[in-house]
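Reading through the structure tokens given below for one structure.
Throughout, a chain's letter reflects where its sequence line sits, starting with A, and its residues are numbered from 1. Everything quoted here is computed from the prediction, not taken from an experiment.
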Number of protein chains: 4
Amino acid sequence: MSVSPSKPVMVTHLCTGESEAKRQQILTGAKAVFAAHGFEGASMSAIAREAGVSKGTLYNYFANKCDLFAAFVEKNCREKLEVLAPVQKLSLSPEKTLTALAREIIRLIISPESLMLYRIIVSEAPHFPHLATTFWQSGPKRAIETLSGWIEGQVAQGTLNVDDPVFAAEQFFSLCQTRIAHRKRFNMPFDNEAEDEEKVIHAAVRMFLAAYGVKPSEAPAAD
Amino acid sequence: MSVSPSKPVMVTHLCTGESEAKRQQILTGAKAVFAAHGFEGASMSAIAREAGVSKGTLYNYFANKCDLFAAFVEKNCREKLEVLAPVQKLSLSPEKTLTALAREIIRLIISPESLMLYRIIVSEAPHFPHLATTFWQSGPKRAIETLSGWIEGQVAQGTLNVDDPVFAAEQFFSLCQTRIAHRKRFNMPFDNEAEDEEKVIHAAVRMFLAAYGVKPSEAPAAD
Amino acid sequence: MSVSPSKPVMVTHLCTGESEAKRQQILTGAKAVFAAHGFEGASMSAIAREAGVSKGTLYNYFANKCDLFAAFVEKNCREKLEVLAPVQKLSLSPEKTLTALAREIIRLIISPESLMLYRIIVSEAPHFPHLATTFWQSGPKRAIETLSGWIEGQVAQGTLNVDDPVFAAEQFFSLCQTRIAHRKRFNMPFDNEAEDEEKVIHAAVRMFLAAYGVKPSEAPAAD
Amino acid sequence: MSVSPSKPVMVTHLCTGESEAKRQQILTGAKAVFAAHGFEGASMSAIAREAGVSKGTLYNYFANKCDLFAAFVEKNCREKLEVLAPVQKLSLSPEKTLTALAREIIRLIISPESLMLYRIIVSEAPHFPHLATTFWQSGPKRAIETLSGWIEGQVAQGTLNVDDPVFAAEQFFSLCQTRIAHRKRFNMPFDNEAEDEEKVIHAAVRMFLAAYGVKPSEAPAAD
DNA sequence: CATGAATGAGCGTTCATTCAT
DNA sequence: GATGAATGAACGCTCATTCAT
């Protein structure tokens with residue numbers, strides 16, 4: 001029942017590197033099964049089969065189903081949601097920055113893996129309180145922080161007029177979820193997804209700037 | 001999993017009323033168990049026990065677990081989500097109307113039963129596509145229609161300036177989900193929920209009017 | 001289940017001493033686990049952990065669980081039960097000798113380790129017939145032989161009148177098990193264990209001498 | 001796979017009669033498997049197979065393995081050990097009464113079912129403290145009470161001279177376990193079991209009377 | 001129509017044993 | 001010689017579903 005941490009020493013030797021590889025192999029199998037059936041619906045047998053290992057091996061790496069599930073969520077949150085950061089570095093005009101950011105946020109939110117994680121974490125939040133925090137901190141929190149940091153910079157430059165940058169960031173995040181994110185989460189069809197995406201982005205930016213932008217004449221030029 | 005329409009047809013025979021009562025009794029038990037354990041985690045035995053009927057009776061009224069689940073979702077969506085409509089009838093000023101509406105939307109969204117339905121439907125959306133539609137049409141769609149209808153009226157009156165009322169309504173709906181709804185869905189704690197609620201409401205209305213309101217001087221007085 | 005003699009032969013090679021030490025180390029771990037959980041309830045993993053060796057090493061020293069169990073029983077029977085002998089060497093009066101012997105027998109029987117061995121061997125006797133013999137010969141048989149030898153000496157001296165010394169010894173052994181041993185084996189509580197012990201000893205000696213003693217006037221003085 | 005229940009006509013009604021029959025059917029299967037493999041070694045699957053029912057049915061009647069085991073022990077203790085009582089009613093001489101009683105005690109102790117129960121209860125006493133009490137009260141305690149009651153009567157009649165009848169009864173009980181019972185519990189062979197039995201009986205009675213009997217001249221005649 | 005005993009596949013988990021390193 | 005990762009059968013137990021009453 002030992003779960004070897006086997007910190008990936010990797011490099012030169014052969015000995016314990018295999019463990020980490022198998023751990024990832026198991027987590028890959030787990031992802032497929034948890035994604036398709038949720039926590040309760042996934043069976044350890046199915047995960048073992050999918051991962052190409054025996055059930056015994058599963059339990060050599062993860063003490064029980066809950067632990068495996070937690071590891072799966074952590075791994076996937078880290079891998080999938082930590083993609084946002086670099087966008088704001090570009091010193092574009094507020095409008096162009098927000099537009100680029102909105103596009104990235106939407107793309108991230110509606111990616112199949114994010115949807116899968118959202119589904120599974122929302123549904124298990126009452127039973128696995130810690131996992132929701134993991135998800136939140138890997139994704140939404142990070143996006144909000146990034147955006148609120150950028151907002152603060154803009155306020156300092158006089159290009160935005162915001163008294164609570166964190167809350168404003170959360171509002172922008174909410175606006176980016178208009179229509180598309182909700183429908184995707186409900187698995188509902190679209191008439192024209194690409195068009196909707198542009199509309200959501202444009203309308204979110206427009207509304208945000210209508211509320212928080214300074215009058216064009218007062219703002220310093222950018223871009 | 002196929003969802004078949006197992007609702008007993010209202011035939012002209014003797015015990016129709018009694019049957020319907022028992023049906024509701026079963027659905028009440030089902031609600032408690034599905035709410036607590038989700039679809040996979042709920043057992044038909046537990047539902048029968050909770051409802052105070054035998055398992056055989058359960059299967060007389062619902063062909064299988066999937067059907068019972070579908071009926072439970074439908075019933076609860078209808079009962080819980082159809083609460084919104086009457087608010088906009090009051091002919092208040094746009095600001096007051098939107099404020100009242102936002103408060104109602106938030107209260108509805110974060111009510112325990114709505115959260116439970118949201119969780120369960122989002123998580124089962126891939127397996128029960130029809131249920132998501134039921135939920136959507138009972139709740140969000142209705143709210144959006146109500147709001148967009150009111151918006152159209154305001155546009156006609158010259159108090160709002162909106163080119164796509166449905167989309168604007170969706171945006172408002174998104175804004176109402178800032179912070180509180182997301183955190184509730186993730187079961188995350190609040191520092192000060194009541195304060196946040198006021199903030200969300202006020203900021204949503206302010207942002208919406210900043211984007212879609214006409215200049216005060218142009219708008220007709222109300223309230 | 002077959003019990004094969006897996007004790008490593010004392011070959012002339014280098015590491016014999018080390019091997020024997022590790023063998024004892026394993027048996028020490030095995031004792032803790034078998035004592036606590038019995039044969040079926042003990043797991044080889046637990047024994048390996050308790051002994052501080054790997055499972056592979058376990059199987060280098062013992063071919064399988066049955067063999068390890070057999071070795072554990074043998075070792076512990078030898079160590080625990082071979083404590084009785086020296087008492088009868090003292091040439092006390094029959095009454096004092098029997099009293100001393102009874103006290104030793106009772107103390108031995110109700111020691112935690114003897115109880116553990118008794119439990120485990122009685123319960124596994126049908127599956128490991130050889131082990132019961134090991135136990136019997138290490139403990140009860142030895143005690144009976146010791147006592148019957150002493151009885152024969154007393155008969156020769158005219159202080160006892162016994163026609164079947166072995167059977168008489170077995171009777172005395174049985175009398176020593178009155179109340180205390182049976183209750184201990186059933187894990188039943190005592191009101192006053194020390195008092196019971198004195199009573200059992202005294203009554204066993206009295207009854208034995210009533211049956212097999214010669215009249216005081218006829219017996220040679222001792223002590 | 002179901003064994004025809006062979007409907008027990010059962011009193012007047014039909015409803016719960018079948019249940020008790022199946023319960024006994026299960027306990028019969030459980031007896032075979034527990035007797036052969038002990039508590040840990042018995043599997044619920046094997047018991048179900050032996051009893052001719054499905055595993056699900058097993059769990060409809062007994063909540064878990066421990067409960068089933070407890071029920072098995074209780075049933076068998078009651079059935080097997082409650083056989084002793086009537087012997088002492090005969091008003092024979094002390095010698096003949098004790099002889100008859102000793103024979104019954106020995107026969108009972110060495111019956112295969114009693115041995116099986118003894119084995120299983122001694123081995124599980126640490127884990128199931130209650131069961132030992134059940135066994136003790138069904139068998140040994142009852143035998144001791146019966147015997148001590150008879151002893152008290154003899155003391156009143158002046159045919160025995162005993163100050164602690166309960167303890168004397170326990171001694172007699174111990175004497176009856178000389179040789180045969182111990183060897184049977186260890187599954188050890190006999191040279192001549194029938195002869196040994198007579199010897200044990202005769203020697204137990206002789207020793208008991210040597211210790212507790214009054215001189216023949218003082219005792220009232222009986223038989 | 002209502003019941004609940006019966007089913008057996010499937011669940012999460014453990015374990016004696018093997019074998020490449 | 002020592003290791004512990006890997007195995008897969010077996011464990012105790014649950015559950016959706018059926019059907020005789």
Original post:
Out of E/dT13, E/dA5, F/dG12, which nucleotide sits closest to the side chain of A/N64?
Top reply: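 The closest nucleotide is E/dT13.
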
Original post:
If you check every side-chain atom of A/S43, which of F/dG8, E/dC11, F/dT3 has the closest atom?
Top reply: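 Shortest atom-to-atom distance from the side chain points to E/dC11.
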
Subject >> Closest-nucleotide 5' rank along DNA chain E - winner of A/A46 and B/V53 >> reply: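 Per heavy-atom nearest nucleotide, the more 5' residue is B/V53.
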
For the backbone of [Y] and the side chain of [X], can you confirm whether one donor and one acceptor N or O come within less than 3.5 Å of each other?
X	Y	answer
D/E40	C/E40	no
C/K65	C/F39	yes
C/T28	C/Q24	yes

Atom-pair distance ([atom1] on [X]; [atom2] on [N]), nearest Å:
X	N	atom1	atom2	result
C/F62	F/dA2	CZ	P	12 Å
B/L58	F/dC15	CG	C1'	13 Å
C/R49	F/dA2	CZ	P	20 Å
C/D67	E/dA16	CG	P	14 Å
A/I47	E/dC11	CD1	C1'	12 Å
D/Q25	E/dA6	CD	C1'	12 Å
D/M44	E/dT7	CE	P	14 Å
B/Y59	E/dA6	OH	C1'	14 Å

Closer than 4.0 Å, any side-chain N/O of [X] to the OP1 or OP2 of [N]?
X	N	value
D/K22	E/dA6	yes
C/S54	F/dT3	yes
B/Y61	E/dA2	yes
C/T57	F/dT3	yes
C/S45	E/dC15	no

Original post:
Counting heavy atoms not belonging to C/H37, are there more than 12 under 6.0 Å from its NE2?
Top reply: no

Original post:
For DNA chain F, whose closest nucleotide is more 5', that of D/F39 or that of A/G56?
Top reply: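 It is A/G56 whose nearest nucleotide is closer to the 5' end.
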
Original post:
Within the modelled atom types, does a donor on one side and an acceptor on the other bring the side chain of A/N60 and the base of F/dA6 under 3.5 Å apart?
Top reply: yes

Original post:
Between the side-chain atoms of A/K55 and the base atoms of F/dT7, is any donor-acceptor pair under 3.5 Å?
Top reply: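 Such a pair does not exist between side chain and base.
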
Subject >> Dot-bracket pairing map - DNA chain E, Watson-Crick plus G-U, both contacts under 3.5 Å, | cross-strand >> reply: .||||||||||||||||||||

Subject >> Rounded distance (nearest 0.5 Å) linking atom CG of A/L131 with atom CZ of A/F69 >> reply: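 Atom-to-atom, A/L131:CG and A/F69:CZ are 5.5 Å apart.
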
Subject >> Contacts of A/S45 that satisfy side chain to side chain donor-acceptor pair (under 3.5 Å) - sequence neighbours left out >> reply: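 For A/S45 the side chain to side chain donor-acceptor pair (under 3.5 Å) partners, ignoring immediate neighbours, are A/K55.
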
